[in-house]
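Just so it is clear: chains get the letters A, B, ... in the order the sequence lines come, proteins before strands, and each one is counted from 1.
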Number of protein chains: 2
Amino acid sequence: MPKVETFNRDLVIEQVTNVFHDKGFNATSMQDIVDATGLNRSSIYNSFENKHNLFLECLKTYKSRSNNHLSDKLSTASNSLDAIALIFDVYIEEIIKNVHDKGCLIVNCASEMANHDVSITDFLFKNQSDMLTFLENLVSKGQKEQLINTNKSSKEYALYLYSSIQGFRMTGILISDKPELESIKNTIIQTLI
Amino acid sequence: MPKVETFNRDLVIEQVTNVFHDKGFNATSMQDIVDATGLNRSSIYNSFENKHNLFLECLKTYKSRSNNHLSDKLSTASNSLDAIALIFDVYIEEIIKNVHDKGCLIVNCASEMANHDVSITDFLFKNQSDMLTFLENLVSKGQKEQLINTNKSSKEYALYLYSSIQGFRMTGILISDKPELESIKNTIIQTLI
DNA sequence: TTAATTTTGGAACGTTCATTTCAAATAAAA
DNA sequence: TTTTATTTGAAATGAACGTTCCAAAATTAA
C-alpha cells in the first residue's frame, strides 16, 4: 500500500555520522545534515524524529560498526596480547588515514555531553561497561596464557587500558606522526608484559 | 578622565570559564554568560570583543591557573617520580571534588574545536608543546636520579604521560571512584619504575 | 562644577536555529 | 485504475543566537 522509504537508511546514518563526528553535536545544524544527506528536512524528521534521536542512532551505529571492525582485525591475532596491540594499530591506521583526525565520536561525545543528557549518559556508561568487560576478558586470557603479567588484576589492567585508549584517541587529534603513536602504543603494552 | 572598569576582570573570567567548562563552547550562549556574570551584554562586548575571544582568554587563564596550581603542589615533591605521581593526585582531587566532573577544559576544547579554528588549534599545539617539554624535563631528572628506568627516552615517556593524562581526565568524567582512579594512576607510574 | 570619557541598561538587529505544516508527488495494493 | 499510505518539497514557525546600537548613568580630571 504505502510508498516505501526510498533512501538508504544505513547510508544516511553514515553521512550524518560523518558530520556529527567532524563538528560535534552542538555545532552541527539540521541544515548541515540536510546538505550532507541530500534529503529533505521533512524526510529526516519523518524518519528520525529529531536531531537528538538522530545523534543517538549515529552513536549506536558508530559503536557497533567500530566493534565489528575491531573484531575483524582481532580475529587475526595470534594471542591476547597481540590482540590488545592490534587495538592500537587499528586506531593508528584510523588516525593517519585522515589528515585531521577527529578522534573517537564516543570520546568526543563524553567530553561534550556527559552529565547533561541522561540518554547520552546512559549510552556512555553502557559503552564504558562493555569496553571494560571486553578488555578484562582479553587481559584475563593473556594472563592465563602467561603473556601478560599478574602484577595487577585483569580488572585493573582493563581500566588502565580503557583510560589509555581514550588518551590515545585524544592524542591522535593533534599528533598524527606514526612513530610517535607507535611509541605510545609500545609503552602502554610494555606495562602488561 | 574616564569612568574605569568597575567589575573584577579576574572574577568575571573565572565565572565565564566555569560556564564554558560545564557546557563547552558551542552550547554556551551569550545569555548564559550574562547570567553567570551579572554583567550587561554591552560590558562583555566592550571588554572582551566577542564570544570567541572571551573563550580564548578563558582558555589561557585556565592554563596558567592550572599550571600554577600544579607547580605549587609539585614543589612539595621529594623527587621527580613523586612529582609525576602528584600530577595525578591533583587530578584525582579535582575529579572527586565535583559530583559530575567536567574533565579538562583544554582536553574538551581539543575534542570540540581542534582543526576547526586556527587560533584555537594554535593554542592547543602550543599547550601540547609546553606540556611535553615540562614532562620531558621531569622524566629526564627522574632518570638521572635513577628513579625512572631508561628503557625508553625521556621524550618517549613524556609522550606516554601526556597521552595518559588526557585519558585520565577523560576517564574521570564518568568514573569518580577514588580506588579505581588510584589504580589507573599506579599502573601508569609503574611503567616508569 | 564642568568637561571628558567610559561603562552601563535595555532594546533592537538580522541570522540561524530546530521543528512544524501542508499540499503535492509517489508508489504499492486493491 | 483507483485507493491508500507515505514520502517529499518548500515555505513558515517562533524561539534563540551573537552582535550592535545609543541614550543615560557614572566617574574622574580639570
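- In this structure, CD1 of B:Ile44 is placed 13 Å from P of C:dT7, rounded to the nearest angstrom.
- The CZ-C1' distance, from B:Phe55 to D:dG18, rounds to 16 Å in whole Å.
- One atom, CZ of B:Phe7, and another, P of C:dT6, lie 14 Å apart when rounded to the nearest Å.
- Scored by the salt bridge (charged side-chain N to carboxylate O under 4.0 Å, His left out) test, A:Asp82 finds no partners at all (sequence neighbours excluded).
- The nearest whole Å value for the distance from the CG atom in B:Asn46 to the P atom in D:dG18 is 18 Å.
- To the nearest 0.5 Å, atoms OH (B:Tyr45) and CG (B:Leu39) are separated by 13.0 Å.
- Judged by distance alone, the side chains of B:Asp35 and B:Gln31 do bring a donor and an acceptor atom under 3.5 Å apart.
- Rounded to an integer number of Å, the gap from OH of B:Tyr45 to P of D:dC22 is 17 Å.
- As a whole-Å value, the separation of A:His52 NE2 from C:dA18 P is 13 Å.
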Donor-acceptor pairs are to be reported for all side-chain atoms of residues 86-100 of chain B against protein atoms at under 3.5 Å, with residues two or more places apart or in another chain.
| unit_1 | atom_1 | unit_2 | atom_2 | d |
| --- | --- | --- | --- | --- |
| B:Asp89 | OD1 | B:Lys185 | NZ | 2.9 |
| B:Asn98 | ND2 | B:Glu94 | O | 3.1 |
| B:His100 | ND1 | A:Asn115 | OD1 | 3.3 |

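- B:Gln166 and A:Thr171 form a side-chain donor-acceptor contact under 3.5 Å, judged by distance and modelled atom types alone.
- A donor-acceptor contact closer than 3.5 angstrom links the side chains of A:Asn26 and A:Glu112.
- We find that NZ of B:Lys51 is positioned 12 Å from C1' of D:dT19, with the value rounded to whole Å.
- A:Tyr62 meets the ring-ring contact (aromatic ring centres under 6.0 Å, His included) test with A:His21; sequence neighbours excluded.
- Contacts between residues 19-42 of chain B and DNA chain D, defined by a heavy-atom separation below 4.0 Å, involve B:Thr28, B:Ser29, B:Met30, B:Arg41, B:Ser42, listed by number.
- Residues satisfying the side chain to side chain contact (heavy atoms under 4.5 Å, CB included) criterion with A:Glu145, sequence neighbours excluded, are A:Asn79, A:Ser80, A:Leu147.
- Using a 4.0 Å cut-off between a side-chain N of Lys or Arg and a carboxylate O of Asp or Glu, A:Arg9 and A:Glu14 do not qualify as a salt bridge.
- Terminal axes of the helix from C:dT1-D:dA30 to C:dA30-D:dT1 (five pairs each, C1' rotation axis) are separated by 0°, to the nearest 10°.
- D:dT19 atom P lies 10 Å from atom CG of B:Leu54, rounded to whole Å.
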